[in-house]
J.: 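I have a structure I would like to understand better, so I am pasting it below and will then ask my questions one at a time.
For the single chain, residues carry numbers from 1 onward in sequence order.
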Amino acid sequence: MIEYSHVTKAYKKKGPVVEDFSLAVSVPVFGFLGQNGAGKTTVMKMTVGLLAPTSGTVTIDGIPSHELAARRKIGFMPETPYFYERMTAMEFMRLCDELFGNAGSGRGEIYEKLLKKVGIHGARNFEIRTFSKGMRQRLGFAQALVNDPEYLLLDEPLDGLDPIGRREMKMVIRDLKKEGRKIFLNTHILYDVEEICDELGVIHQGKLLYAGSVKEFCAGKSLEERFMDTVEAYEAVAVK
């Protein structure tokens, strides 16, 4: 379980960007919804230990998120993955694997399997500088799996993919769910959440407005309508 307890992240000039955020995530696929700048990426960076909360705690199976034991449980795909441009995809996968202390003659088979899973095995020996945006997204997805994580945190993983690529990656997410992994998905694309997520959370201006079942949240309306209703209701109260 990923658990957030009264988490706040504040900066001196900007003030709080996430405020008193409490949530427990244990379902197979959790979708985290919010507009750009709502605080989604900040929450995810605190989860993987790239940012420290100003107050409150983030734990993974009871382990503080900044500890090495917690980090070994997770795979992370940032919104904009960074690559060493002159490396090949295979070389990059090996580098990411070595960061977890893994090495050995049999590891190459694992990299090839993961690159097949995300659909870029044919480009495994090409330099990354030749990759399209969609191929880079797929490679970012593959490296998040290299340590065989229990929890997979994906920040806008379908961004930059064409319709076929989006469908293929959603199939990969479903397959990972069947394998028993837990997936935390950041997105602002409502359709993706409605299609593949078991539960969702709505964050707006750094505050959690809803967390629970997708079906219960929609309750006879589209996800877009419910999302807008929730945000507008919060803003109406905030103005008062």
Side-chain angles (χ1 to χ4, degrees), residues 1-3 24-32 41 43-50 58-84 87-125 128 131 135-158 161 165 168-187 192 196-199:
M1 177 186 292
I2 302 175
E3 191 165 8
V25 179
S26 60
V27 295
V29 184
F30 183 86
F32 199 36
T41 295
V43 169
M44 187 163 281
K45 285 184 176 180
M46 289 190 288
T47 311
V48 301
L50 292 176
V58 183
T59 59
I60 299 172
D61 291 340
I63 306 169
S65 63
H66 65 272
E67 293 188 8
L68 182 60
R71 295 186 185 189
R72 290 188 181 280
K73 290 176 171 284
I74 60 178
F76 173 50
M77 177 184 173
E79 182 177 3
T80 306
Y82 177 82
F83 304 104
Y84 292 98
M87 280 187 170
T88 67
M90 285 289 286
E91 289 169 342
F92 182 73
M93 293 292 288
R94 184 177 298 109
L95 172 65
C96 294
D97 199 24
E98 288 174 350
L99 293 175
F100 285 96
N102 297 323
S105 58
R107 300 296 294 176
E109 294 179 6
I110 294 173
Y111 313 150
E112 293 211 29
K113 181 179 178 181
L114 292 175
L115 294 174
K116 284 180 181 177
K117 183 186 286 285
V118 301
I120 55 170
H121 181 260
R124 64 192 180 281
N125 294 318
I128 299 170
F131 282 18
M135 293 171 71
R136 288 167 181 261
Q137 288 295 102
R138 291 169 185 260
L139 180 57
F141 203 132
Q143 65 79 29
L145 294 166
V146 75
N147 62 314
D148 193 25
E150 297 174 46
Y151 297 90
L152 194 59
L153 290 103
L154 308 174
D155 198 354
E156 304 290 356
L158 305 178
L161 297 176
E168 290 174 350
M169 288 301 99
K170 283 188 271 193
M171 290 175 63
V172 170
I173 290 172
R174 292 189 182 99
D175 288 343
L176 293 169
K177 176 180 176 179
K178 291 177 183 177
E179 293 172 9
R181 303 182 201 270
K182 300 290 193 301
I183 299 163
F184 190 115
L185 174 70
N186 266 10
T187 185
D192 291 337
I196 63 178
C197 295
D198 301 293
E199 290 187 359

J.: Taking Glu98 for its side chain and Leu95 for its backbone only, find out whether a donor-acceptor pair lies under 3.5 Å.
T.: no
J.: If you take all heavy atoms of Asn186 and Thr41, which pair is closest and at what distance?
T.: ND2-N, 3.6 Å
J.: Not counting sequence neighbours, which residues clear side-chain hydrogen bond (donor to acceptor under 3.5 Å, both in side chains) with Ser65? List them please.
T.: none
J.: Which distance, rounded to the nearest 0.5 Å, do you find between the OG1 of Thr187 and the CG of Leu185?
T.: 5.5 Å
J.: Going by the rule side-chain contact (heavy atoms from CB on, under 4.5 Å), which residues pair with Leu158 if we only count those two or more places apart in sequence or in a different chain?
T.: Leu161, Arg166, Met169, Lys170, Asp192
J.: How far apart are the closest heavy atoms of Leu115 and Met93, and which atoms are they?
T.: CD2-CG, 4.2 Å
J.: Rounded to the nearest 0.5 Å, what separation is found between the CG atom of Asp97 and the CG atom of Leu114?
T.: 9.0 Å
J.: For the residue pair Pro81 and Gln137, what are the closest heavy atoms and their distance?
T.: CD-OE1, 3.5 Å
J.: With sequence neighbours excluded, tell me which residues meet ring-ring contact (aromatic ring centres under 6.0 Å, His included) with Phe100.
T.: none
J.: Among residues at least two apart in sequence or on other chains, which ones pass side-chain contact (heavy atoms from CB on, under 4.5 Å) with Lys182?
T.: Tyr151
J.: Please check this pair: side chain of Arg94 against backbone of Gly108, looking for a donor-acceptor N/O pair closer than 3.5 Å.
T.: no
J.: When you compare the side chain of Phe92 with that of Val146, does any pair of heavy atoms fall below 4.5 Å?
T.: no
J.: Which heavy atom in Met77 sits nearest to a heavy atom in Gln143, and how many Å separate them?
T.: CA-NE2, 4.0 Å
J.: First locate atom CG of Leu145, then atom CD1 of Ile110, and finally report the distance between them rounded to the nearest 0.5 Å.
T.: 11.5 Å
J.: Please identify each residue that fulfils ring-ring contact (aromatic ring centres under 6.0 Å, His included) with Phe76, with sequence neighbours left out.
T.: none
J.: So with a 6.0 Å cut-off around CD of Glu179, is the heavy-atom count from everything else above 12?
T.: yes
J.: Glu150: which residues meet the salt bridge (Lys or Arg N to Asp or Glu O under 4.0 Å) condition with it, sequence neighbours left out?
T.: Lys73
J.: Suppose we screen for ring-ring contact (aromatic ring centres under 6.0 Å, His included). Which residues come up paired with Phe184, at least two apart in sequence or across chains?
T.: Phe30, Phe32
J.: Any chance you could measure Ile183, atom CD1, to Ile173, atom CD1, to the nearest 0.5 Å?
T.: 6.0 Å
J.: Salt bridge (Lys or Arg N to Asp or Glu O under 4.0 Å) with Arg124: which residues, sequence neighbours excluded?
T.: Glu112
J.: Suppose we screen for side-chain contact (heavy atoms from CB on, under 4.5 Å). Which residues come up paired with Thr88, at least two apart in sequence or across chains?
T.: Met90, Glu91
J.: Using atom types as modelled and distance alone, determine if a side-chain donor or acceptor of Arg138 lies under 3.5 Å from a backbone N or O of Val118.
T.: yes
J.: Check salt bridge (Lys or Arg N to Asp or Glu O under 4.0 Å) between Lys113 and all other residues, then give those that pass, not counting sequence neighbours.
T.: none
J.: Which residues pass the ring-ring contact (aromatic ring centres under 6.0 Å, His included) test with Tyr111, not counting sequence neighbours?
T.: none
J.: With a cut-off of 6.0 Å (strictly less than), are more than 12 heavy atoms of other residues, nucleotides or ligands near NZ of Lys45?
T.: no
J.: Can you measure from CG (Asn102) to SG (Cys96) and round to the nearest 0.5 angstrom?
T.: 11.5 Å
J.: Give the minimum heavy-atom separation between Arg71 and Gly49, together with the two atoms involved.
T.: NH2-O, 3.1 Å
J.: Taking atom CD1 of Ile128 and atom OH of Tyr84, what is their separation to the nearest 0.5 Å?
T.: 10.5 Å
J.: Output all residues satisfying side-chain contact (heavy atoms from CB on, under 4.5 Å) with Arg72, sequence neighbours left out; order by chain, then residue number.
T.: Leu68
J.: Where do Ile74 and Thr47 come nearest, in terms of heavy atoms and distance?
T.: CD1-O, 4.3 Å
J.: Quick one: does any side-chain atom of Asp198 pair with a main-chain N or O of Val29 as donor and acceptor, under 3.5 Å?
T.: yes
